[in-house]
Amino acid sequence: MKNKDKDMSEIINHLKTFGFVFQSSEIYGGLANTWDYGPLGILLINNIKKKWWKEFITLEENNVGFDSKILLNSKVWQASGHLSNFTDPLIENKINNKRYRADHIYEELTSQNSSLLTKEQLEKWIQENVKEYDGSKTNWTNIRQFNLMFQTAQGIVEDNKNIIYLRPETAQGIFINFNNVQRSMRLKLPFGIGQIGKSFRNEVTPGNFIFRTREFEQMELEYFTYPDQDEKSYKYYVEKSKNFILSLGIKKESIRLRIHEKEELAHYSKGTTDIEFEFPFGWGELMGIANRTDFDLKSHNKISNTELKYFDQEKNESIIPYVIEPSVGVDRLLLAIIVDSFIKEKLENNDERIVMRLNYEMCPYKACVLPLVKKQGEKAKSIFRNLIKKGLDVLYDETGSIGKRYRRQDAIGTYWCITYDYDSEKDDCVTIRHRDTMKQERIKINNIFDYIINKEEK
Ligand code: GAP
């Protein structure tokens, strides 16, 4: 089944039932477009982050990790351009009093890129052509540019002086620490600084479950390079980012690369490639790789009066490096992995099973230990305890028929089911069942851990 034919509401229900994602503040009627991650969701998220860190920091000789704050000096957002440029075109229908993204309306109705139009052209097109929308007659306002940064006040007095912003991207925390990190780690160009952390955007139209939310998490790398090597590094990180996404088990046919038109580039970018994913609600951006040039360091140099520069000893000169930035949202990646792996299968006996065909590294639980009958529980539990002591994420389940227990594990993507049965006492063996093939093998209890590790997909 193709992703576009999958039923999003069925997936959302599944994720709630099995402890992946819950509506946030549910007992108070929820808070629109906010979601909490349950025990299964957070295990999957940790696997995603671990993999990103390994690929973009650990395995890259010249890259280091970082962690900056959500709240930064407001001048950061003046320098980065977010105070003046980080806006979405908002249009309101006065008949139903609802607000919409004007660019989204145009793109939905024409399947064309709205960035080629000016604000005035977009406004005119909607006012003249969209007489009914979202189940209502229309009477459109003009377009207003709406700043997406969340404001809050620091300290007790809520006047303008105390206004600060929740970061809309993690990147700026890295740029303003360029000297600190480069000098303390004695880094030589080219090198990267990466971090994982929460970002906030007061989106005009959040939605599509966890695809677009106001609070989300980003994994961003700022790769600093010589200005004349930017194209080479840009190509490298486009390719690397694509391979990273495929390495999470996402299928080749579920993604595509889209190069931004000149007119739609963000204010800081010389070139951007999006990696898009086919969700049930259509193609959407999953990850972006941008050539940010020297825009950010230059702006911070100017506004902060600090020289954020790199001294090249060989050339005996100071330079402002160019920056290549692969950036991806954890929540979106989680949704893509779930959608891609969510499969309904007809079995030989005409039964149906839902199975999450996650790749081994992503599975929240690698295995589940099950006694065939409850009274074998003690023996099965000791196998379970041995496996968790070795650091594997493993479940134990003794409730319900063995068939139903297998289905439950399939539904949450558990890679192996290990069953302790009547013969186990005699032959010191268990049955190990593979999630996807459902094939079973009999192996020695002492060999379970090695078996799992050796069969792990590399
Ligand atoms: N520093 C560059 C930057 O933030 P972006 O394209 O605005 O670029 C990067 O965001 C990634 O962050 C996106 O590709 C997406 O995965 C994620 N993202 C952005 N806005 C989001 C939102 N409102 N909800 C969830 N994820 C979001």
Side-chain angles (χ1 to χ4, degrees), residues 4 7-9 11-12 23-25 29-35 77 81-151 165-166 168-169 199-216 218 258 260-261 263-267 269 272 274 276-286 288 329 331-332 335-336 339:
K4 70 177 166 52
D7 179 351
M8 204 55 220
S9 55
I11 294 177
I12 295 172
Q23 163 84 70
S24 184
S25 312
L31 175 67
N33 302 295
T34 51
W35 305 90
W77 309 116
H82 283 85
L83 271 173
S84 45
N85 291 321
F86 197 52
T87 56
D88 275 343
L90 176 80
I91 196 162
E92 188 169 340
N93 179 0
K94 287 190 265 184
I95 293 188
N96 65 2
N97 291 322
K98 281 195 182 167
R99 290 165 173 184
Y100 303 94
R101 286 264 303 260
D103 52 339
H104 284 180
I105 294 181
Y106 179 81
E107 283 167 14
E108 181 195 327
L109 300 179
T110 64
S111 301
Q112 298 203 15
N113 195 334
S114 64
S115 58
L116 305 174
L117 302 182
T118 62
K119 172 179 161 272
E120 288 71 28
Q121 286 169 325
L122 185 58
E123 198 170 83
K124 190 162 177 269
W125 188 89
I126 291 180
Q127 287 166 349
E128 286 177 0
N129 294 287
V130 190
K131 303 292 179 196
E132 263 191 53
Y133 190 72
D134 196 13
S136 163
K137 296 254 179 267
T138 62
N139 178 9
W140 297 111
T141 60
N142 289 340
I143 289 177
R144 188 159 60 88
Q145 291 298 339
F146 176 76
N147 195 293
L148 298 185
M149 280 202 294
F150 263 102
Q151 278 186 20
Y165 301 90
L166 309 190
E169 60 171 10
S199 292
F200 300 80
R201 294 180 189 179
N202 205 357
E203 298 279 0
V204 177
T205 48
N208 283 330
F209 190 40
I210 52 174
F211 178 80
R212 183 173 285 108
T213 50
R214 293 191 169 113
E215 174 182 348
F216 55 97
Q218 290 186 309
R258 190 177 74 79
H260 281 214
E261 309 260 1
E263 294 75 7
E264 70 176 303
L265 288 173
H267 60 276
S269 174
T272 296
D274 281 350
E276 296 187 332
F277 178 84
E278 190 172 34
F279 293 96
F281 43 84
W283 287 91
E285 176 191 337
L286 189 58
D331 313 69
R332 257 184 217 185
L335 182 59
V339 163

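In this structure the side chain of N96 never reaches within 4.5 angstrom of the side chain of Y133, judged on heavy atoms. By the 4.5 Å heavy-atom criterion applied to side chains, M8 and L335 are counted as neighbours. At least one side-chain heavy atom of P89 sits less than 4.5 Å from a side-chain heavy atom of Q145. Taking 4.5 Å as the limit, some side-chain heavy atom of W125 sits within range of a side-chain heavy atom of V130. Proximity of H260 to R258: side-chain heavy atoms (C-beta onward) are separated by under 4.5 Å at one or more points. Residues W140 and E92 form no side-chain contact, since every pair of their non-hydrogen atoms from C-beta on lies 4.5 Å or further apart.
Under the 3.5 Å distance criterion, the side-chain polar atoms of E123 are left unmatched by any main-chain donor or acceptor of N142. R201 contributes no side-chain N or O that, together with a main-chain N or O of R214, makes up a donor-acceptor pair within less than 3.5 Å. Between the N202 side chain and the M149 main chain, no donor and acceptor come within less than 3.5 Å of each other. Looking only at distances, a side-chain donor or acceptor of T138 sits under 3.5 Å from a matching main-chain atom of K131.
Note that CD of E215 and CD of E203 are 13.0 Å apart. Values are rounded to the nearest 0.5 Å. Distance check, rounded to the nearest 0.5 Å: NZ of K94 to CD1 of I91 gives 10.5 Å. With rounding to the nearest 0.5 Å, the separation of CD1 in I126 from CG in L109 is 8.0 Å. For the atom pair F200 CZ and F150 CZ, the distance stands at 8.0 Å (nearest 0.5 Å). Distance check: E276 CD to E285 CD gives 7.5 Å after rounding to the nearest 0.5 Å. Between the NE2 atom in H82 and the CG atom in N147 there is a gap of 9.0 Å [rounded to 0.5 Å].
Looking at every heavy atom in both residues, S269 comes nearest to T272 through OG-OG1, 2.8 Å. A pairwise comparison of heavy atoms in F211 and G284 identifies CZ-CA, 4.1 Å as the closest pair. In this structure, T141 and Q127 approach most closely via the heavy-atom pair O-NE2, 3.2 Å. The shortest non-hydrogen separation linking G207 to N33 is CA-OD1, 3.6 Å. P168 and Q218 make their closest contact through O-OE1, 4.1 Å (heavy atoms, listed as atom of the first residue, atom of the second, distance). Taking every heavy atom of both residues into account, T34 and Q23 meet most closely at O-NE2, 3.4 Å.
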Next on the checklist: N93 vs D134, test: side chain to side chain contact (heavy atoms under 4.5 Å, CB included). Steps then yes/no.
Outcome noted: CA-CA 10 Å; N93 179 0; D134 196 13; over 6 Å; no
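Classification of the F279-F277 ring pair by plane angle, with boundaries at 30° and 60°, yields perpendicular.
E108 and Y100 are not linked by any side-chain donor-acceptor pair at a separation below 3.5 angstrom, with hydrogens and angles left out of the test.
In terms of the side-chain hydrogen bond (donor to acceptor under 3.5 Å, both in side chains) criterion, residue partners of S115 (sequence neighbours excluded) are, by chain and number, N113. Remark: K124 pairs with no residue by the side-chain hydrogen bond (donor to acceptor under 3.5 Å, both in side chains) rule, at least two apart or across chains.
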